[in-house]
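Note that these values count all heavy atoms, side chains included, but never hydrogens, waters or copies made by symmetry. Quantities reported herein were computed from a predicted structural model and do not represent experimental measurements.
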Amino acid sequence: MIVINNLTKIYTGTSPEVLALDNVSLTINPGEIFGIIGLSGAGKSTLIRCINMLEKPTKGSIIVDGQDITKLEKKDLRKTRQKIGMIFQHFNLLSSRTVYDNIMFPLEIAKIPPKQAQAKVNQLLELVGLTEKAKVYPSQLSGGQKQRVGIARSLANEPKILLSDEATSALDPDTTKSILKLLKNINDELNITILLITHDMNVIKQVCDKV
Ligand code: ADP
Ligand code: MG
């Protein structure tokens, strides 16, 4: 469960300062696909970056499984962050690494033993339907395939929560549908809570339990 209380974020590095989040409170239940919709500039990415602690909130708390993650020390923060996967609009793949090695990357960082890591990567390739593409580079993939790699990579450390920031915004409608279907499968089969950010009401309608 994620409980957000009175979350406020003010960017102070600019003049004038920007009030990006103004006293946001919400509860996301385990296993939910929770949608957040808003216009460009509404503060969606800021909210998601606060949840994985890439951005420090100005005020308020974010309780994940009973623990206020805004108060974590560096070491615990790294551990908690591994339990939160993230996917992006522009995929953020490493262009010099193959599909296989992109998915391997977070497992290397987490120092997972090679045998176990290889098995995990193969399992994830199968889950996202890219076993055949293991050896190719991101530039040789379609947008939808790139996002499948992004999804596989985000699941490598077996997160409990998956954050999706406009993950289908760069894709055509049919590809969007297939990616949303994959997210729904992952939610069902792996019981991962998904926080899905979008500016598109159709995305919300297709997969979200709440908005
Ligand atoms: P969204 O994802 O909904 O489009 P953002 O969270 O990216 O919105 O941005 C919310 C507001 O905060 C915008 O006005 C944006 O310009 C501002 N903002 C975002 N990031 C920064 C930053 N690093 N420094 C200053 N202002 C920022
Ligand atoms: Mg955004």
Side-chain angles (χ1 to χ4, degrees), residues 11 13 36 40-41 44-55 74 77-187 190 192 194-200 203 207:
Y11 289 108
I36 292 180
S40 180
K44 306 181 295 299
S45 294
T46 301
L47 176 64
I48 224 167
R49 288 206 306 270
C50 284
I51 294 175
N52 68 4
M53 299 310 292
L54 291 174
E55 207 70 73
K74 239 192 182 147
L77 191 62
R78 209 176 308 133
K79 261 201 201 133
T80 301
R81 212 184 260 149
Q82 279 186 354
K83 292 294 155 204
I84 304 177
M86 179 132 174
I87 54 175
F88 307 89
Q89 179 172 3
H90 297 297
F91 323 120
N92 295 14
L93 302 179
L94 297 166
S95 59
S96 62
R97 283 183 162 231
T98 62
V99 166
Y100 187 96
D101 288 338
N102 264 280
I103 303 171
M104 181 60 87
F105 191 59
L107 296 166
E108 285 171 16
I109 290 177
K111 298 197 168 65
I112 305 297
K115 274 257 153 59
Q116 192 184 331
Q118 285 155 16
K120 187 78 203 173
V121 173
N122 286 324
Q123 181 199 334
L124 289 166
L125 280 167
E126 197 170 314
L127 178 74
V128 301
L130 284 182
T131 303
E132 245 88 280
K133 299 282 184 189
K135 293 204 168 72
V136 313
Y137 289 86
S139 62
Q140 297 164 289
L141 297 176
S142 70
Q145 288 168 337
K146 283 181 196 167
Q147 195 55 285
R148 284 171 188 271
V149 179
I151 290 170
R153 180 186 55 186
S154 77
L155 298 176
N157 283 318
E158 302 180 350
K160 291 191 197 152
I161 302 165
L162 179 60
L163 306 175
S164 167
D165 192 358
E166 304 272 7
T168 56
S169 295
L171 305 174
D172 64 67
D174 282 346
T175 310
T176 293
K177 258 191 205 145
S178 80
I179 292 294
L180 292 177
K181 208 170 137 206
L182 175 61
L183 290 178
K184 182 84 187 113
N185 281 348
I186 287 164
N187 169 254
L190 307 178
I192 292 176
I194 299 180
L195 181 53
L196 194 148
I197 282 186
T198 181
H199 63 268
D200 181 354
V203 168
V207 287

Side chain to side chain, [X] and [Y], heavy atoms closer than 4.5 Å:
{"X": "Leu162", "Y": "Leu183", "result": "yes"}
{"X": "Met86", "Y": "Ile48", "result": "yes"}
{"X": "Ile186", "Y": "Leu127", "result": "yes"}
{"X": "Leu190", "Y": "Leu155", "result": "yes"}

Does NZ belonging to Lys177 count more than 12 external heavy atoms closer than 6.0 Å?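 No - once you tally the heavy atoms of other residues, nucleotides and ligands closer than 6.0 Å, there are 12 at most.
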
Count the heavy atoms of every other residue, nucleotide or ligand shown that sit under 6.0 Å from NZ of Lys120, and state whether that count exceeds 12.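 Count over threshold, so yes.
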
Let me have the donor-acceptor pairs involving side chains of residues 142-154, under 3.5 Å, with sequence neighbours excluded, atom names and distances please.
from	atom 1	to	atom 2	distance (Å)
Ser142	OG	Gln145	N	3.2
Ser142	OG	Gln145	OE1	3.4
Gln145	OE1	Ser142	N	3.0
Gln147	NE2	Phe88	O	2.7
Gln147	NE2	Ala167	O	2.8
Arg148	NH1	Val128	O	3.1
Arg148	NH2	Ser178	OG	3.3
Arg153	NH1	Asn92	O	2.7
Arg153	NH2	Phe91	O	2.9
Arg153	NH2	Asn92	O	3.3
Ser154	OG	Ile151	O	2.7

List for me each residue that meets side-chain hydrogen bond (donor to acceptor under 3.5 Å, both in side chains) alongside [X], sequence neighbours excluded, and say none if there are none.
{"X": "Lys83", "result": "none"}
{"X": "Asn122", "result": "none"}
{"X": "Thr80", "result": "none"}
{"X": "Thr176", "result": "none"}

Could you tell me the separation between the [atom1] atom of [X] and the [atom2] atom of [Y], rounded to the nearest 0.5 Å?
{"X": "Ile36", "Y": "Thr198", "atom1": "CD1", "atom2": "OG1", "result": "11.0 Å"}
{"X": "Ile179", "Y": "Leu171", "atom1": "CD1", "atom2": "CG", "result": "6.0 Å"}
{"X": "Ile192", "Y": "Ile84", "atom1": "CD1", "atom2": "CD1", "result": "12.0 Å"}
{"X": "Leu125", "Y": "Glu132", "atom1": "CG", "atom2": "CD", "result": "10.5 Å"}

Under the side chain to side chain contact (heavy atoms under 4.5 Å, CB included) test, residues paired with Ala119 that sit two or more places apart: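 Checked Ala119 against side chain to side chain contact (heavy atoms under 4.5 Å, CB included); zero matches.
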
Quick one: side chain to side chain donor-acceptor pair (under 3.5 Å) pairs with a partner in residues 161-173, sequence neighbours left out?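 The answer is Ser45-Asp165, Glu166-Ser169, Glu166-His199, Asp172-Thr175.
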
Shortest non-hydrogen contact from Leu94 to Asn102?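 For Leu94 versus Asn102, the nearest heavy atoms are N-OD1, 2.8 Å.
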
Heavy-atom closest contact (Leu124 atom, Ala156 atom, distance):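 Heavy atoms only, the tightest pair is CD1-CA, 3.6 Å.
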
Taking only residues two or more places apart in sequence or in another chain, which ones pass salt bridge (Lys or Arg N to Asp or Glu O under 4.0 Å) with [X]?
{"X": "Lys181", "result": "none"}
{"X": "Arg81", "result": "none"}
{"X": "Glu126", "result": "none"}

Which donor-acceptor pairs under 3.5 Å do the side chains of residues 103-116 make with protein atoms, sequence neighbours left out?
from	atom 1	to	atom 2	distance (Å)
Glu108	OE1	Arg97	NH2	2.9

